[in-house]
Amino acid sequence: LNPRSMLPEGESCSRPRFLNVPESGVAMVRQCRDAIERAYDAGIMRQTVRLAVVPPDQPIGGLAPQIWTGGPEARYASAGLPLTVELLRQVKANKSIDRERRASILPPTVTAEDVFDFDGSGVATASAREGSAGDVKAAIFFNSLDAEYLNRWYATATP
């Protein structure tokens, strides 16, 4: 994605731009939501979003790494799934509704399901109340073992 295309209309990119690093899961979700919506408005329908793997109520960063005593399943249940569900609740991606009106749309219904319980992978779907044009899907912690499932799932996710 060309960063110049993400500038507000009429704004020059001659000055340096800085990306603010979020300090919490809540701030991270908000920043990701805004980036997803800007990319969607620019016509980018399939996106990869990487989130810091921290529980939503925990600060990001610090000197000590997060320890996941339950392995991938705990990482998925404590951080990956809650962050993804909250992100999908906030994303409003219906191009038939202008950006200003999207803010007033009610949150979608979000459902999630595990793909393989042993590796902590899953999928989540946000079903928009205003119709399927605003639906959003997310794959969570997929790996190469999940590729066949992911390919079938993507086929049903694209309009």
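Remember, it's a predicted structure, so these values are computed and weren't measured experimentally.
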- Heavy-atom closest contact (A126 atom, V110 atom, distance): CB-CG2, 4.1 Å
- With T109, which residues qualify under side chain to side chain contact (heavy atoms under 4.5 Å, CB included), at least two apart? none
- Item | For P82 against Y76, the heavy-atom pair lying closest together | CD-O, 3.7 Å
- Message: If the condition is salt bridge (charged side-chain N to carboxylate O under 4.0 Å, His left out), which residues does D41 pass it with, not counting sequence neighbours?
- Response: R99, R102
- Message: Between Q47 and A39 (side chain of the first, backbone of the second, donor and acceptor by atom type, cut-off under 3.5 Å), is there such a pair?
- Response: no
- E130: side chain to side chain contact (heavy atoms under 4.5 Å, CB included) partners, not counting sequence neighbours: N94, I97, I105, A128
- Query: Which other residues end up in the same hydrophobic cluster as M45, if Ile, Leu, Val, Met, Phe, Trp and Tyr are linked when side-chain heavy atoms come under 4.5 Å apart?
  - Reply: Y40
- Item | With E86 via side-chain hydrogen bond (donor to acceptor under 3.5 Å, both in side chains) - residues at least two apart | Q90
- Query: Under the side chain to side chain contact (heavy atoms under 4.5 Å, CB included) test, which residues partner P22, sequence neighbours left out?
  - Reply: A27, M28, Q31, I60
- Item | Closest non-hydrogen atom pair, R129 against L106 | CD-CB, 3.7 Å
- Message: Do V115 and F141 have side chains that approach each other closer than 4.5 Å (heavy atoms only, starting at C-beta)?
- Response: no
- About how many Å separate CG of L87 and SG of C32, when rounded to the nearest 0.5 Å? 6.0 Å
- Note on the structure: Contacts of R75 meeting side-chain hydrogen bond (donor to acceptor under 3.5 Å, both in side chains) (sequence neighbours excluded), chain-then-number -> none
- Side chains of L51 and V49: closer than 4.5 Å at any heavy-atom pair? yes
- 4.5 Å side-chain heavy-atom contact, I140 and L81: yes
- Task: Is it possible for you to say whether V21 and V54 belong to one hydrophobic cluster, with membership spreading through side-chain heavy-atom contacts below 4.5 Å?
- Result: no
- Message: Can you list everything that forms a side chain to side chain contact (heavy atoms under 4.5 Å, CB included) with V26? Sequence neighbours excluded, please.
- Response: S24, R30
- Item | Result of checking L88, V136, I44, V91 against I36 for side chain to side chain contact (heavy atoms under 4.5 Å, CB included) | V91
